[in-house]
Each structure stands twice: as C-alpha cells, then as structure tokens.
Amino acid sequence: MKKIKVGQIGIAHNHGEGKMQAIRKFPEFFEVVGYSEKDGEWIKKRGNDDCYKDLKRYTEDELIEKCDLLIIETNVWELTKTAQKCIDAGKHVHIDKPASGTLLEFQKLLNDAKEKNLTVQMGYMYRYNYAIKKCMDMISTGKLGEIYQIDAEMSTYHTDEYRKWLRHFKGGTMYIFGSHLIDLVVSILGEPKNVVPFIKQTGLNDVYSDDNCFAVLEYEKAIARITTLSAEVNGWGMRRFAVMGSKGTVEIKPIELNVKMTMSTDDYATDAYKNMQMTVPVEDVPTLSRYDDMIIDLYKSVIGEKENQYSYEHELTVQRTLCRVVGEN
C-alpha cells in the first residue's frame, strides 16, 4: 500500500489538532514528516499537544519540499496564501475552512490545482457526518421529492474572547460557521440567484463583533435559511439541518454529539394537523473520529483511487456564495 508523505503547516486553526490526530490513526496510509509553525505564541499554546510533541518542526519551505500532501491549519486569514505556495510547488492540499483572501485569490488556487491535477480538499466536516450523508442520499434518490426549503443553524454560546476573535472576519459567525451550512445548501440546490443577509452584533458584555447573523438564499422555487449566533444558550443543542420537499421532511437536531434525526414522508404523515414523524436510526460521530472519513477520502483522492467528490467548481461556488452573504469581494 502506497504511503503519502504528509505535513501540517500551522497549528493555529482550532481544527488543526483534530486533523493531525486523525492522520496519525492511519500509519498504513500516511508517513507524517512533521509540522511547521512560525508563531512562537502558538508553539507555547499548542506545541506540546500530544499530536505534535514527538514530531519534528520544520520551516514552511522545508516541509513543503519534503511532503506530497500538506494540511493547512494556519490562522484562517492565512489559509489561501499558504495553500497557494504548496500548489505552486506541485503538492496536494487539505485547506481548513473557509478559504481566506479574495475570491480571485482562491479562484487562482483552484485553477492552478486543476491544471496540475492536484487534490484540493476543504475542511467542511459536515460533509462526512453520518446523518447529513443519509439526508443527502434521501435527496439524491428522490425520497424527499422536489426540495422547497432548507433551514440550517450552527450556533454556540462562545466566550467573550472568542467573540472578540470574530472581529477578524467580515460576517463573523456567518463567515466561520455559516460557510459549513452554505456548503451543504449549495450541494443540494446549487448557486442561489439572490442572497439577503442580516449581519448583526449582540453587544453582549460590551463585545461588538458580527456574532448574530442570518441569511436567506433564494432559488427559483426554493428558499434556504441560515442562522449563526455566537451567544445562544445551548447553541450546540440547537444546531439543526432540516430539508423540506414535496414528498417528505427530514430534520437533524442536534447535528452531532447525541445526533437525532427524524423523517416524515407523505405516505406516513397522513394528517396535516398532527405531528407525524419517524425516528431515523443513525450512528453518531464520536469527537475523536470527527475527521476520520474525511482523511481517508483525502488519501484515496491523492493516490488516484477515487475522484474528489467535491469539484473545484463546487468549492469556488461555495466561496463565491459565502462572499456574497458576508459582503466580501
């Protein structure tokens, strides 16, 4: 079995530790070369995490040269420019989400990767969530009929420190969390013809950032609603993905960690004035396994065993839609 030489650039992203833990679960697939981090503060904060402390630390350029695949886990605002260096060097990349920089910079990265036949995997982990995948299967097989509405929420009750950190991004919670939901909506309905965003600030505890966001994505017949609130009590428990179609409705709430999924079909819910729904048995995704399927998919794409199921065009459409929602160019 072919092994891929892999390294991680940056340890600043909140998902970086989880990605490295996942990679190290599969020594039959990956030879972990090491990691790179130029910021001494991040080394102090995370350099001694179990997944890094026995790995060699390289400069960014050294690591790129030694690896076939780079996992980009820098500060969010550095993701695209760092990944571009890897693409320029002919290396495959996993880029944590969402893409940073301008839309044109991300488009260039994707165009260059396509020209060189390099894998670009974005770190949208809900793509690999078992309940979401089951919902997607129901849609693709026509079980839910024509899709009319999608209602999605990804909220949390964050610390003041985290809500201050959101100031780095136009759109705050919509940029960081809404991107996950936009990815799912675009997978189902494609690019919206119109977006109507509401970007608000709670001002909770005198912290002012874009932490209270809502957006409507408009299609020819369908509507998608996306909510992201960084000051929602039990926000994790309220995370929701619901799809309403002509033949059925599916709701996943919460999306993970005690996931619950229900379904109503037109042949089951025969009384329009009663709550008639079935529980759908679905496996939860343990925290320590959150990225496993994503990493295995990445391996198969890099070695050519499997085509990346998310095309360059899809990734660009997701980012373009996100930029429209948060008002970025």
Side-chain angles (χ1 to χ4, degrees), residues 1-11 13 15-36 51-52 54-56 58 60-74 79-80 82-97 99 106-130 132-133 136-137 140 183 187 285-286 288-319:
M1 184 175 293
K2 180 180 179 181
K3 282 193 178 186
I4 297 172
K5 291 185 178 181
V6 61
Q8 182 172 307
I9 299 181
I11 61 175
H13 200 287
H15 292 181
E17 181 180 11
K19 300 290 173 56
M20 181 56 79
Q21 287 173 340
I23 288 168
R24 300 191 74 176
K25 285 183 184 180
F26 303 104
E28 68 273 29
F29 297 151
F30 300 102
E31 177 187 335
V32 181
V33 174
Y35 75 99
S36 169
C51 63
Y52 301 124
D54 61 340
L55 293 180
K56 186 169 180 179
Y58 292 93
E60 199 170 280
D61 290 340
E62 286 173 339
L63 194 64
I64 292 172
E65 183 180 354
K66 290 177 179 293
C67 294
D68 308 306
L69 165 68
L70 283 307
I71 311 299
I72 314 302
E73 299 291 341
T74 62
L79 290 170
T80 296
T82 305
Q84 182 68 57
K85 283 183 66 176
C86 301
I87 296 297
D88 290 345
K91 312 294 182 172
H92 304 276
V93 291
H94 167 95
I95 311 172
D96 222 311
K97 55 81 209 169
F106 186 57
Q107 184 175 24
K108 179 183 186 304
L109 182 149
L110 293 172
N111 287 341
D112 291 349
K114 185 176 183 179
E115 185 176 319
K116 295 180 177 182
N117 195 30
L118 295 171
T119 293
V120 175
Q121 184 191 65
M122 298 302 297
Y124 291 116
M125 75 276 183
Y126 282 163
R127 294 174 176 178
Y128 298 88
N129 176 282
Y130 301 143
I132 294 291
K133 288 172 72 174
M136 293 296 190
D137 287 342
S140 64
D183 173 60
S187 292
V285 182
L288 294 178
S289 300
R290 198 184 199 194
Y291 308 111
D292 290 6
D293 288 350
M294 175 186 288
I295 292 302
I296 292 172
D297 225 26
L298 177 60
Y299 171 81
K300 290 179 178 179
S301 176
V302 169
I303 67 169
E305 180 179 323
K306 178 181 179 182
E307 184 177 355
N308 187 356
Q309 60 184 306
Y310 296 95
S311 68
Y312 305 106
E313 291 74 19
H314 172 81
E315 304 295 13
L316 183 61
T317 301
V318 170
Q319 191 68 16

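Only this structure's heavy atoms are used, side chains among them; waters, hydrogens and symmetry mates stay out.
The main-chain N or O of Lys97 is found under 3.5 Å from a side-chain atom of His13 such that the two form a donor-acceptor pair. When atom types are taken as modelled, the side chain of Ser311 and the backbone of His314 share a donor-acceptor pair closer than 3.5 angstrom. The closest donor-acceptor contact from the side chain of Lys3 to the backbone of Pro27 lies under 3.5 Å. The closest donor-acceptor contact from the side chain of Asp68 to the backbone of Lys5 lies under 3.5 Å.
Here the OG atom belonging to Ser187 is positioned 10.5 Å from the OH atom belonging to Tyr124, to the nearest 0.5 angstrom. For the atom pair Cys51 SG and Tyr35 OH, the distance stands at 9.5 Å (nearest 0.5 Å). From Lys108, atom NZ reaches atom OG1 of Thr80 across 12.0 Å, with rounding to the nearest 0.5 Å. Atoms OG1 and CD1, from Thr74 and Ile95 in turn, are 9.5 Å apart once rounded to the nearest 0.5 Å. Note that CG of Asp112 is 10.5 Å distant from OH of Tyr312, once rounded to the nearest 0.5 Å. In this structure, the separation between CD on Gln84 and CD1 on Ile72 is 11.0 Å, given to the nearest 0.5 Å.
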### Query
Can you check side chain to side chain contact (heavy atoms under 4.5 Å, CB included) on Tyr128 and Val285, steps first, answer last?
CA-CA 9 Å; Tyr128 298 88; Val285 182; over 6 Å; no
### Message
Run Val120 and Ile87 through side chain to side chain contact (heavy atoms under 4.5 Å, CB included) and show every step you take.
### Response
CA-CA 9 Å; Val120 175; Ile87 296 297; 4.2 Å; yes
### Message
Show, in sequence, the C-alpha distance, side-chain angles and deciding distance for Lys66 and Glu31, and conclude whether the salt bridge (charged side-chain N to carboxylate O under 4.0 Å, His left out) test is met.
### Response
CA-CA 11 Å; Lys66 290 177 179 293; Glu31 177 187 335; over 6 Å; no
### Task
Output, in order, the C-alpha distance, side-chain angles, deciding distance and verdict of side chain to side chain contact (heavy atoms under 4.5 Å, CB included) for Leu55 and Met20.
CA-CA 11 Å; Leu55 293 180; Met20 181 56 79; 3.9 Å; yes
### Task
Run the numbers on Met294 and Arg127 for side chain to side chain contact (heavy atoms under 4.5 Å, CB included), then give the verdict.
CA-CA 8 Å; Met294 175 186 288; Arg127 294 174 176 178; 5.9 Å; no
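Of the N and O atoms on the side chains of Gln121 and Asn308, not one donor lies less than 3.5 Å from an acceptor on the other residue. For Asn111 and Glu115, the side-chain atoms include no donor-acceptor pair closer than 3.5 Å. Between the side chains of Asp297 and Gln309, at least one donor N or O lies within less than 3.5 Å of an accepting N or O. A side-chain N or O of Tyr52 and one of Gln8 form a donor-acceptor pair less than 3.5 Å apart.
In this structure Lys56 satisfies the side-chain contact (heavy atoms from CB on, under 4.5 Å) test together with Tyr58, sequence neighbours excluded. Remark: Asp54 pairs with Arg24 by the side-chain hydrogen bond (donor to acceptor under 3.5 Å, both in side chains) rule, at least two apart or across chains.
Across Asp96 and Met122, no two heavy atoms sit closer than the pair O-CE, 3.9 Å. Closest non-hydrogen pair, Val302 versus His92, comes out as CG1-CD2, 3.5 Å. Closest heavy-atom contact between Glu315 and Phe106: O-CE2, 3.6 Å. Summarising the geometry of Leu118 relative to Gly90, their closest heavy-atom pair is CD2-O, 3.5 Å, with the distance given to 0.1 Å. Shortest non-hydrogen contact noted between Met125 and His15 is SD-CE1, 3.9 Å. Minimum interatomic distance between Leu109 and Ala83 (heavy atoms only, all atoms of both residues): CD1-CB, 3.5 Å.
Looking only at side-chain heavy atoms (C-beta outward), Ile303 and Phe29 stay at 4.5 Å or farther from each other. Residues Tyr310 and Val318 form no side-chain contact, since every pair of their non-hydrogen atoms from C-beta on lies 4.5 Å or further apart. Considering only heavy atoms from C-beta on, Val33 comes within 4.5 Å of Leu63 through its side chain. With contacts defined as side-chain heavy-atom distances shorter than 4.5 Å, the pair Ile4/Leu298 does not qualify. In this structure the side chain of Ile64 reaches within 4.5 angstrom of the side chain of Ile9, judged on heavy atoms. A 4.5 Å side-chain heavy-atom check between Glu62 and Ser36 finds every atom pair outside the cut-off.
By the neighbour-count criterion of 12 heavy atoms within 6.0 Å, atom CD of Glu65 is sparsely surrounded, having that number or fewer from other residues, nucleotides or ligands.
For Glu313 and Lys114, the salt-bridge test passes: some basic side-chain N is under 4.0 Å from an acidic carboxylate O. The pair Asp61-Lys85 counts as a salt bridge, with a side-chain nitrogen and a carboxylate oxygen less than 4.0 angstrom apart. Salt bridge absent: Lys133 and Asp137 never bring a charged side-chain N and a carboxylate O closer than 4.0 Å.
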